[in-house]
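The structure appears right after this line, and notes come after that.
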Amino acid sequence: MPRCVGCDCAEPAPQGAPDFAIVAHGQPGDPGALQPEIEALAAAVAALLPGRRVLGATLACPRSLATLKGVGAVYPLFMAGGWFVNAEMPRRLTAAGVTGYKVLSPLGLDPALPPLGGRIAEDTARAAGLDPARTTLVVAGHGSSKSSASADSTRAFAAALPPGFARVVTGFIEEPPYLDAIQLDGPAICLPFFATNGEHTKIDIPEAWTALGSPGPIAPPIGTTPDIPALIAASLRAA
């Protein structure tokens with residue numbers, strides 16, 4: 001298999017088929033950037049599933065996808081069940097020789113995610129000395145000009161958050177209402193509704209938040225928080 005452009009990944013060594021795979025989008029412009037993060041997540045999930053082999057891969061890195069041959073089930077580390085999960089991920093897996101697997105529900109649609117998001121948001125607010133009852137919670141999603149799946153998933157998550165904040169609003173990177181143009185009155189915190197810590201969460205969201213006057217702290221992307229491995233392990237266990 002040809003080396004991924006811009007990626008220093010090694011040739012995968014045969015080790016037998018994995019039971020589960022966690023597949024994320026990755027960064028097309030830098031295919032190796034998120035691979036260590038996904039592999040670490042897979043290892044943390046595997047530690048909660050004794051006797052099961054869990055691998056991590058990204059769509060941006062064909063070599064990582066090739067390690068998934070024979071996998072029983074694929075867990076999409078995506079925040080919506082849109083085109084990438086339903087069409088592009090299967091296409092790229094097939095191109096890598098991966099077939100015969102079951103696709104599980106993606107991270108963003110897990111019903112356990114809103115309670116977790118509520119706890120993260122409240123902890124972030126209190127750590128900054130903010131009273132959630134007097135603070136706006138801004139859920140920052142990806143959005144898309146081509147599909148409603150991302151925005152629908154973000155809004156469903158925001159609507160399912162437990163009560164506690166003065167109000168909850170959504171803002172997006174790639175569709176209106178854009179994050180840097182939402183209307184705020186008073187302190188606010190930002191909760192990125194993202195699966196990984198890539199360019200959107202490292203660059204785009206902080207820049208948009210600064211444009212709003214930095215009204216409060218930015219929480220870590222929900223998919224990178226400490227309780228996520230247990231949440232994914234529960235989903236894989238059910239599968």
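Numbering starts at 1 and runs along the sequence shown.
Annotation: the span from Leu55 atom CG to Thr67 atom OG1 amounts to 5.0 Å, rounded to 0.5 Å. In this structure, Ile222 CD1 and Leu116 CG are separated by 5.0 Å, a value rounded to the nearest 0.5 Å. With values rounded to the nearest 0.5 angstrom, Leu109 atom CG is found 5.0 Å from Ser153 atom OG. Rounding to the nearest 0.5 angstrom, the gap separating the SG atom in Cys61 from the CG atom in Leu34 is 11.0 Å. Taking CD of Glu207 as the start and CD1 of Ile173 as the end, the distance is 9.5 Å to the nearest 0.5 Å. Atom CG of Leu161 sits about 10.0 Å away from atom CD1 of Ile120, to the nearest 0.5 Å.
Aromatic ring centroids of His142 and Phe172 lie 6.0 Å or more apart.
Residues Leu130 and Val168 share a hydrophobic cluster, clusters being chains of Ile/Leu/Val/Met/Phe/Trp/Tyr side chains in contact below 4.5 Å. Leu212 and Val139 are assigned to two separate hydrophobic clusters, defined by single-linkage of ILVMFWY side chains at heavy-atom distances under 4.5 Å. Val45 and Phe20 fall within a single hydrophobic cluster, where Ile, Leu, Val, Met, Phe, Trp and Tyr are joined by side-chain heavy atoms under 4.5 Å apart, directly or via other members. Taken together through direct or relayed side-chain contacts under 4.5 Å among Ile, Leu, Val, Met, Phe, Trp and Tyr, Trp83 and Met79 form parts of separate hydrophobic clusters. Residues Val103 and Ile232 are members of separate hydrophobic clusters, defined by side-chain heavy-atom contacts under 4.5 angstrom among Ile, Leu, Val, Met, Phe, Trp and Tyr.
The side-chain heavy atoms of Leu68 and Val23, taken from C-beta on, include a pair separated by under 4.5 Å. Side chains of Val98 and Arg92 form no contact here, defined as non-hydrogen atoms less than 4.5 Å apart. Side-chain contact between Leu41 and Pro229 is present, with at least one heavy-atom pair separated by less than 4.5 Å. Under the 4.5 Å side-chain criterion, counting only non-hydrogen atoms from C-beta, Ile38 is in contact with Leu77. Between Tyr75 and Leu107 the shortest side-chain heavy-atom distance falls below 4.5 Å. You'll find the side chain of Arg134 stays beyond 4.5 Å of the side chain of Pro187, heavy atoms only. By the 4.5 Å heavy-atom criterion applied to side chains, Asp110 and Ser105 are not counted as neighbours. Counting only heavy atoms from C-beta outward, the side chains of Thr170 and Val138 never approach each other to under 4.5 Å.
Counting non-hydrogen atoms of neighbouring residues, nucleotides and ligands closer than 6.0 angstrom, the CD atom of Glu39 exceeds 12 such neighbours.
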**Message:** Go through it in stages, so that I can follow the logic: the residues are Glu122 and Arg119, the test is salt bridge (charged side-chain N to carboxylate O under 4.0 Å, His left out), and I'd like the CA-CA distance, side-chain angles, deciding distance and then a yes or no.
**Reply:** CA-CA 5 Å; Glu122 288 196 3; Arg119 293 196 300 273; over 6 Å; no
**Request:** Take Trp209 and Cys190 through the test side-chain contact (heavy atoms from CB on, under 4.5 Å) and record every step on the way to the result.
**Result:** CA-CA 8 Å; Trp209 200 242; Cys190 179; 3.7 Å; yes
**Request:** Run the numbers on Thr224 and Phe194 for side-chain contact (heavy atoms from CB on, under 4.5 Å), then give the verdict.
**Result:** CA-CA 8 Å; Thr224 68; Phe194 283 77; over 6 Å; no
**Message:** Test side-chain contact (heavy atoms from CB on, under 4.5 Å) on Arg167 and Leu184; report intermediate values, then the result.
**Reply:** CA-CA 10 Å; Arg167 67 181 181 126; Leu184 296 175; 4.1 Å; yes
**Request:** Give the intermediate values and the outcome of side-chain contact (heavy atoms from CB on, under 4.5 Å) for residues Met89 and Phe84.
**Result:** CA-CA 6 Å; Met89 183 180 75; Phe84 271 104; 5.8 Å; no
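The two residues Ala160 and Pro114 make their nearest non-hydrogen contact at O-CB, 3.5 Å. Nearest heavy atom pair, residue Pro62 against residue Ala96, reads O-CB, 4.5 Å. Taking both residues in full, the closest heavy atoms of Leu179 and Ala140 are given as CD2-CB, 4.0 Å, listed atom of the first, atom of the second, then distance. A pairwise comparison of heavy atoms in Ser150 and Gly143 identifies OG-N, 2.9 Å as the closest pair. Nearest heavy-atom pair, Pro192 versus Pro220, reported as atom, atom and distance to 0.1 Å: CD-O, 3.8 Å. Closest approach of Phe165 to Thr136, counting heavy atoms only: CD2-C, 4.3 Å.
For the side-chain contact (heavy atoms from CB on, under 4.5 Å) criterion with Leu137, the lone passing option out of Leu191, Thr124, Val169 is Leu191.
In terms of modelled atom types and a separation under 3.5 Å, the side chain of Ser144 and the main chain of Lys146 share a donor-acceptor contact. At least one donor-acceptor pair under 3.5 Å links the side chain of Thr201 to the backbone N or O of Gly198. Under the 3.5 Å distance criterion, the side-chain polar atoms of Asn197 are left unmatched by any main-chain donor or acceptor of Pro221. With hydrogens and angles disregarded, a donor-acceptor distance shorter than 3.5 Å links the side chain of Gln35 to the backbone of Gly56. Between the Ser64 side chain and the Ala57 main chain, no donor and acceptor come within less than 3.5 Å of each other.
Between Phe78 and His25, the angle of the ring planes goes over 60°, which puts this pair in the perpendicular group of the 30/60° scheme.
Classification of Glu88 and Arg91 as a salt-bridged pair holds, one side-chain N sitting under 4.0 Å from a carboxylate O.
With sequence neighbours excluded, the residues satisfying salt bridge (Lys or Arg N to Asp or Glu O under 4.0 Å) with Asp19 are Arg52.
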